[in-house]
2 protein chains.
Amino acid sequence: MSKGVRTRAAILEEALSLTSTDGLSGLTIGLLAERTGLSKSGLFAHFGSKEQLQVAVLRQAQECFTTHVIRPVLPLPRGLPRLEAFAEGWWAWNQSPPFPGGCPIQAASLELDDRPGPLRDEIAGAQRRLRTFIQQGAAMAVTAGHFRPDLDCTLFAFQMVGIAFAQTMTCRLLGEPEGLDFVRRAWHAQVTDAAAATHNQTGEISHVD
Amino acid sequence: MSKGVRTRAAILEEALSLTSTDGLSGLTIGLLAERTGLSKSGLFAHFGSKEQLQVAVLRQAQECFTTHVIRPVLPLPRGLPRLEAFAEGWWAWNQSPPFPGGCPIQAASLELDDRPGPLRDEIAGAQRRLRTFIQQGAAMAVTAGHFRPDLDCTLFAFQMVGIAFAQTMTCRLLGEPEGLDFVRRAWHAQVTDAAAATHNQTGEISHVD
DNA sequence: TTGACAATAGAACGATCGTTCGTTTATTTT
DNA sequence: AAAATAAACGAACGATCGTTCTATTGTCAA
């Protein structure tokens with residue numbers, strides 16, 4: 001591993017920390033240079049522009065998420081076991097990610113949702129891939145018979161994303177220790193609903209296995 | 001209404017627009033002065049510091065939300081009718097708020113969740129009040145017999161907040177037109193669950209009215 | 001209409017922003 | 001070890017940041 005690559009990695013690690021607490025707009029080249037012990041220009045040369053640095057940080061965050069949350073659950077059996085493990089891993093990630101602040105991608109999702117450009121594209125791509133992963137996980141659970149066959153897997157993913165956001169708000173912004181309980185109970189309710197027999201529009205039971 | 005108050009109101013309106021697209025950290029005194037046609041120092045004098053300006057913007061956003069979403073549903077009958085109307089109003093607010101970008105408070109909730117100070121306190125207060133409002137609305141629905149008596153109203157509010165965040169991500173970041181459908185279906189599922197008979201831990205029906 | 005006061009403008013402050021350039025120091029390859 | 005290349009530095013750029021002055025303009029009551 002050559003020097004340049006090593007330095008770049010060190011920069012990105014520090015940049016990820018900084019972004020997690022101060023957001024993508026708080027990520028500043030001067031501050032980052034100071035924290036890494038590099039000169040502004042020396043650091044700058046690694047990325048060419050601030051926007052490219054920001055994109056690199058987002059990529060790094062995704063890779064970090066994949067390593068910590070996605071990859072560990074892939075060996076698990078398809079369907080509910082894998083999905084449950086992923087859920088626990090995701091809640092743990094949101095609760096205390098491997099950097100001082102909250103998940104940078106989640107924060108950036110609301111920070112940049114109205115500013116078109118490469119950054120928003122990167123974040124949107126990340127969120128789309130995550131949703132697809134959840135969706136496919138739910139589909140496997142349907143195939144495995146863990147979930148009811150008429151489950152809308154996209155809606156399932158939508159709801160799961162909602163829980164994750166609500167977790168961040170409750171635990172991180174409001175600082176309520178019981179937030180994680182809400183997460184687990186909301187998730188349990190969602191899984192229960194997905195596993196239950198089909199309901200009609202009035203909410204009455206129309207069929208039970 | 002004196003001149004100063006009028007100008008201040010005009011500034012805040014423009015500041016709210018700017019914040020909705022560029023976030024609280026993108027709200028800049030120079031840019032705001034340019035857009036309002038004032039000088040930097042003239043504008044500055046109205047608030048005394050940037051932080052006070054930001055606090056004022058957050059207060060303005062809350063008042064705007066109250067006017068557009070909360071107040072209109074208060075005359076409605078307690079319980080499910082009021083709650084449903086509030087939900088529709090909130091989804092509409094998230095879909096197209098009265099400024100060019102997304103809801104500034106929602107965005108700021110993830111932007112500032114790791115930066116203690118008056119700003120975070122203001123946002124946390126806003127989110128706590130909103131959650132309390134939802135919670136009490138659900139409690140009224142329980143009293144009215146619309147919801148099951150053992151419903152956890154705090155959990156209900158938690159889940160509703162999650163839907164709102166997922167809406168913003170889906171509709172605003174990803175730009176998917178069917179996002180609002182997901183919102184309505186997720187909300188319907190939640191209401192159905194809250195109205196349904198009690199479940200035991202295994203998800204089986206233990207009692208039906 | 002004048003006098004008191006509020007509101008706004010203008011210029012300047014030091015600090016920091018992202019970026020460029022030429023130079024110097026490390027590292028790698030020959 | 002020498003030559004070639006990569007990496008990092010230092011200084012400076014113009015722009016903008018939030019903020020502080022003093023001066024000027026405007027508003028409103030007496």
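Computation of the quantities below employed the complete heavy-atom set of this structure, encompassing side-chain atoms and omitting hydrogens, waters and symmetry-equivalent molecules. To find a chain, count down the sequence lines: A is the first, B the second, and so on, and within it residues start at 1.
Within residues 111-120 of chain A, no residue has any heavy atom under 4.0 Å from DNA chain D.
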Exercise. Summarise how protein sits on nucleotides 22-30 of chain C as a single string, 5' to 3': B when a protein heavy atom is under 4.0 Å from the base, S for sugar-phosphate-only contact, - for no contact.
Key: ------S--

Which donor-acceptor pairs under 3.5 Å do the side chains of residues 153-160 of chain B make with protein atoms, sequence neighbours left out?
unit_1	atom_1	unit_2	atom_2	d
B/T154	OG1	B/Q135	NE2	3.3

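Using a 3.5 Å distance cut-off with no hydrogens or angles, the side chains of B/E84 and B/W187 do pair a donor with an acceptor. Between A/R71 and A/T67, the side chains place a donor N or O and an acceptor N or O closer than 3.5 Å (distance only, hydrogens not considered). Looking at B/T170 and B/E176, their side chains never bring a donor and an acceptor atom within 3.5 Å of each other.
In this view, B/S20 and B/F99, B/P100, B/P104 satisfy the side chain to side chain contact (heavy atoms under 4.5 Å, CB included) rule, not counting sequence neighbours.
Although no hydrogens or angles enter the test, the distance criterion places no donor-acceptor pair under 3.5 Å between the side chain of B/E14 and the main chain of B/L32. Side chain of A/R115 to main chain of A/E111: a donor-acceptor pair is present (N/O by atom type, distance under 3.5 Å, no hydrogens or angles).
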Practice problem: Under 3.5 Å for both distances, Watson-Crick or G-U wobble, that's the pair rule; now give the dot-bracket for DNA chain D, with | marking pairs to another strand and [ ] for crossing ones. | Solution: |.|.||||||||||||||||||||||||||

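Residue contacts shown for B/L43 are absent, as no nucleic acid heavy atom lies under 4.0 Å away.
Salt-bridge annotation for B/E88 and B/R184: present, with a side-chain N of the basic residue lying under 4.0 Å from a carboxylate O of the acidic one.
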Set out, line by line, the N/O atom pairs under 3.5 Å between protein and nucleotides 14-20 of chain C.
unit_1	atom_1	unit_2	atom_2	d
C/dC17	OP1	A/T28	OG1	3.1
C/dG18	OP1	A/K50	NZ	2.7
C/dG18	OP2	A/I29	N	3.0
C/dG18	N7	A/K40	NZ	3.1
C/dG18	O6	A/K40	NZ	3.3
C/dT19	OP2	A/K50	N	2.7

